[in-house]
Amino acid sequence: MSSLVLPPVSGRRRRADKAARVLVGAGTVAALVPLVLILYYLIKEGLGAWSWDFFTTDPTGSFLGDPGGIKSAIIGTVLMVALAAAVAVPIGVGVAVWLVEFGRESKLALAVRYFIDVMTGVPSVVFGLFVYITLVVGGFGGTSFAGWKGSIALALLMLPVVTRSAEVVLMLVPNTLREAAYALGAPRWKVVFRIVLPTALPGMVTGVLLAVARAAGETAPLLFTATIVNATTFNMNDRMNSLPALIFQDVGQAQDRLVEIAWGAALTLVAMVLILTVIARLVQRRSRLS
Amino acid sequence: MASAPGTVETPRGSSLQRPRGGRLPDQLLKWGLTILSIGVIVLIAYFFLRLIDESRPVFAETGFFGFVFDNAWVPSKNLYGALPLVVGTLITSAIALVIGVPIAVATALFITELCPARVKGPLTVLVEMLAAVPSVVYGLWGFFFLIPKLRPAEQWFSDTFSFLPFVGGTVSGPNYFIAGLILAIMIIPIVSAISREVMATVPSENKEAALALGATRWEMIRMAVLPYSRGGITGGAMLGLGRAIGETIAVTIVIGNAPVIGDTIFSQGYSLAAVIANEFGEAASDPVHRAALIAAGLVLFLLTLFVNAGARWLVTRAERGQRAARKPAAGMAG
């Protein structure tokens, strides 16, 4: 056979290819520009506010004198998110275990999956509203606004994320492991607790950390449930401050000193969230299942 | 599939038989988890019913359609027509889709088809970092950076293209466009992630076939990648739309919070989510006002529910269709 000579690609097609590549590249750059700008401004404006006092004093809310720091907000965010995780993680993982080990493709399991999906789509502000009308308005537990009510709102947000990610990881646990354990005579609960959960643990940690990172940055549900206060409290039955709520309030005031605090708090919050995200990704990379 | 243990009959007295009490923890685990899972369904159902119940006072005054389609939100006069809020939510979400989806799809295409393998990972992480930035930080940045910096450009656009519908007049600081732009940035990660996932499922045979026939890279993308992933991309865009509709704090900070329907995309407005965040404090003492805000939450919930249900349907259909299409080629390996 004689060698096959392909006709050269016509100029018009070549130009179209080039133009499309440039456009796609430009779109990618356009997606990254805001990220760079936000991080640049956060560091530029926020780092100036950082100091020892910034982290160790409570905000005063005053823009004439000393606006104070963000101590109560950091403590509030950490406490509320921790309690939210303590509620959402066992429930979320439990539902995921049920879906994978017991429910499988049954009608009930499909319904549960559907409702979990519905929950994923519910806007965070609506969760806040729900906790507000069920727990805050009626003064449930003796107080109106309280830190633990904020945690409940955050837990509702985290639950679908934890369940979904845990389910995906549990499905990746090889069936041969389960079968081997059953063959050795292990009862079902032992297979779940000693074989399935430990194998899936690293992957589930990733999902949980991502859910925690998401919850830490949420503002709307906390506004109606824990509100905004200045003083530090460790009592979850009290009104509690949080970083997002503090930032929101200070932006609303639009006073230079408070805005400076807001930038500093925003940098702190983003740093916390990014650290969690990075740890999550590192754990994921270590995981054998993925 | 692991089969349930204990179903195999073992001879009485055999050492293989499970001790009598051994079944109890299994049953506890099974029913405990089942109850937990049913609890989730009950919770969501209760959630929905409670929202309906609590919003009843305002529906009693205006009716559901009166609430959604009346153009007057004046809590001081006891007027609760949510049309300006609904319109604000829809306009900002539409702007977010128009700006965000092409950028997200371009990013996904670049990562899956065009960029060198070495930068794939880092680029993916960078785009995902956009999702890690909290909403309130987007609001802060939008308010103190985007609004002042973009205002001259918006004014120029408004003056130059005033013949277009919904463009023209004086640009206000916080406005629909800025809110839409922030939302666009916020939905890019999710739309891009889903598009990337669907594009990764395009069989390499299809792409190689296009290339082997002499297609350029772009022609390969247009003929093999895009048609194959269209359903998934649409689903991803709808998930982004669901996010945009429900986004609260960032929008509250940059939309201007004026409960009227703005004349142009550069006018101040309001959104369903923003009104809830802003007014719930004043509404605490007024049951009808509170009911109106809860009704706004209910409308928001229903909107996102429909959008997300549509999105899920599209994404699963796209994924299923692809799995079915791949099966004959992949044989038993699939």
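Any value given below was found using the heavy atoms of this structure, including those in side chains, with hydrogens, waters and symmetry copies removed. Lettering follows sequence order; numbering is per chain, from 1.
Considering only heavy-atom pairs separated by less than 4.5 Å from chain A, the leading option among Thr107(B), Leu33(B), Ile111(B) is Leu33(B). Per-residue heavy-atom pair counts under 4.5 Å with chain B were compared for Ile116(A), Leu23(A), Val259(A), Val270(A), and the maximum is reached by Val259(A). The choice from Thr277(A), Val137(A), Leu159(A), Val97(A) that makes the most heavy-atom pairs within less than 4.5 Å of chain B is Val137(A). Note on Glu54(B), Lys30(B), Met129(B): by heavy-atom pairs under 4.5 Å with chain A, the leading option is Lys30(B). With chain A as partner, the option from Asn308(B), Thr248(B), Leu29(B), Ile41(B) having the largest number of non-hydrogen pairs under 4.5 angstrom is Ile41(B). Listed options Gly252(A), Ser124(A), Ala265(A), Gly217(A) were ranked by heavy-atom pairs under 4.5 angstrom with chain B; first place goes to Gly217(A). Heavy-atom pairs under 4.5 Å with chain B were tallied for Val273(A), Val118(A), Leu129(A); the largest tally goes to Leu129(A). Here Ile133(A) is the residue among Leu42(A), Val251(A), Ile133(A), Val278(A) with the most heavy-atom pairs under 4.5 Å with chain B.
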Query - Verdict with reasoning, Glu101(A) to Arg188(A), per salt bridge (Lys or Arg N to Asp or Glu O under 4.0 Å) - result: CA-CA 9 Å; Glu101(A) 304 290 324; Arg188(A) 210 156 190 198; 5.6 Å; no
Query raised in the report: Going through the distances and angles, do Asp117(A) and Arg113(A) end up as a salt bridge (Lys or Arg N to Asp or Glu O under 4.0 Å)?
Result: CA-CA 6 Å; Asp117(A) 269 351; Arg113(A) 277 196 192 94; over 6 Å; no
Report task. Take Phe127(A) and Phe47(B) through the test ring pair (Phe, Tyr, Trp, His ring centres under 6.0 Å) and record every step on the way to the result. Result -> CA-CA 9 Å; Phe127(A) 279 126; Phe47(B) 180 91; 5.5 Å; yes
Requested in this report: I would like to know whether Asp17(A) and Arg14(A) meet salt bridge (Lys or Arg N to Asp or Glu O under 4.0 Å); could you show each step before the answer?
Outcome: CA-CA 5 Å; Asp17(A) 184 54; Arg14(A) 228 182 2 233; over 6 Å; no
Requested in this report: Step by step, work out the side chain to side chain contact (heavy atoms under 4.5 Å, CB included) result for Tyr132(A) and Arg290(B).
Outcome: CA-CA 11 Å; Tyr132(A) 178 70; Arg290(B) 193 170 72 210; 3.9 Å; yes
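Residue contact with chain B, scored on non-hydrogen atoms closer than 4.5 Å, involves the side chain of Val192(A) exclusively. Heavy-atom distances place the side chain of Leu123(B), and not its backbone, under 4.5 Å from chain A. Looking at Ala213(A), neither its backbone nor its side chain comes within 4.5 Å of chain B, counting heavy atoms on both sides. Neither the backbone nor the side chain of Val36(A) comes within contact range of chain B, judged by heavy atoms closer than 4.5 Å. Interface remark: Leu276(A) contributes no atoms to any contact with chain B (heavy atom separation under 4.5 Å). For chain A, the nearby parts of Leu126(B) are the backbone and the side chain; heavy atoms of each come within less than 4.5 Å. Heavy atoms closer than 4.5 Å to chain A are found in the side chain of Thr252(B), but not in its backbone. With a threshold of 4.5 angstrom between heavy atoms, Leu37(A) approaches chain B through its backbone and through its side chain. Proximity to chain B (any heavy atom under 4.5 Å) is shown, for Thr134(A), by both the backbone and the side chain. Heavy-atom distances place both the backbone and the side chain of Phe248(A) under 4.5 Å from chain B. Contact annotation for Leu32(A): only side-chain heavy atoms (C-beta onward) come within less than 4.5 Å of a heavy atom of chain B. Looking at Leu36(B), both its backbone and its side chain come within 4.5 Å of chain A, counting heavy atoms on both sides. Interface residue Ile185(B): only side-chain heavy atoms are found under 4.5 Å from chain A. Using a 4.5 Å cut-off between heavy atoms, Ser37(B) touches chain A through backbone and side chain atoms alike. Heavy atoms of Ala215(B) lying under 4.5 Å from chain A belong exclusively to its backbone. For a residue to count as touching a neighbouring chain, one of its non-hydrogen atoms must lie under 4.5 Å from one of that chain's; by this rule Arg50(B) touches chain A with backbone and side chain alike. At a 4.5 Å heavy-atom cutoff, Glu113(B) makes no contact with chain A through either its backbone or its side chain. Interface residue Leu274(A): only side-chain heavy atoms are found under 4.5 Å from chain B. In this structure, chain A has a heavy atom under 4.5 Å from the side chain of Leu305(B), while its backbone stays farther away. Using a 4.5 Å cut-off between heavy atoms, Leu156(A) touches chain B through its side chain atoms alone. Both the backbone and the side chain of Phe110(B) come within contact range of chain A, with heavy atoms under 4.5 Å apart. Looking at Ile188(B), the atoms closer than 4.5 Å to chain A (heavy atoms on both sides) all sit in the side chain, from C-beta outward.
The one candidate from Leu293(B), Asp286(B), Asn257(B) that meets the side-chain contact (heavy atoms from CB on, under 4.5 Å) condition with Glu279(B) is Leu293(B).
Ring orientation note: the planes of Phe280(B) and Phe224(A) are nearly perpendicular, at an angle over 60° on the 30°/60° scale. Aromatic ring orientation, Phe301(B) versus Phe48(B): tilted (interplanar angle from 30° to 60°).
By the 4.5 Å heavy-atom criterion applied to side chains, Val122(A) and Phe130(A) are not counted as neighbours. Side-chain contact check for Thr34(B) versus Leu108(A): some heavy-atom pair is nearer than 4.5 Å. Counting heavy atoms from C-beta on, the side chains of Pro174(A) and Leu177(A) come closer than 4.5 Å. Taking the side chain as every heavy atom from C-beta outward, Leu157(A) and Pro221(A) approach each other to under 4.5 Å.
Remark: Arg243(B) CZ is loosely packed, at most 12 non-hydrogen atoms of other residues, nucleotides or ligands lying under 6.0 Å away.
Of the inter-residue distances, the one linking Arg281(A) atom CZ with Glu128(B) atom CD reads 4.5 Å to the nearest 0.5 angstrom. Put simply, CG on Leu243(A) and CG on Leu269(A) are 5.5 Å apart, with the number rounded to the nearest 0.5 Å. Rounding to the nearest 0.5 Å places CG of Leu99(A) at 9.5 Å from CG of Leu170(A). One distance of note links CG of Leu85(B) with OG of Ser271(B); it measures 7.5 Å at 0.5 Å rounding. Here CG of Leu300(B) is found 13.5 Å from CD1 of Ile294(B). Values are rounded to the nearest 0.5 Å. Distance check: Leu223(A) CG to Phe145(A) CZ gives 9.5 Å after rounding to the nearest 0.5 Å.
By a heavy-atom distance cut of under 4.5 Å, Thr216(B), Arg217(B), Trp218(B), Glu219(B) are the residues of residues 216-223 of chain B near chain A, going up by number.
Heavy-atom minimum distance, Thr304(B) versus Gly246(B): CG2-N, 4.3 Å.
Residues satisfying the side-chain hydrogen bond (donor to acceptor under 3.5 Å, both in side chains) test with Ser135(B), not counting sequence neighbours, are Glu247(B).
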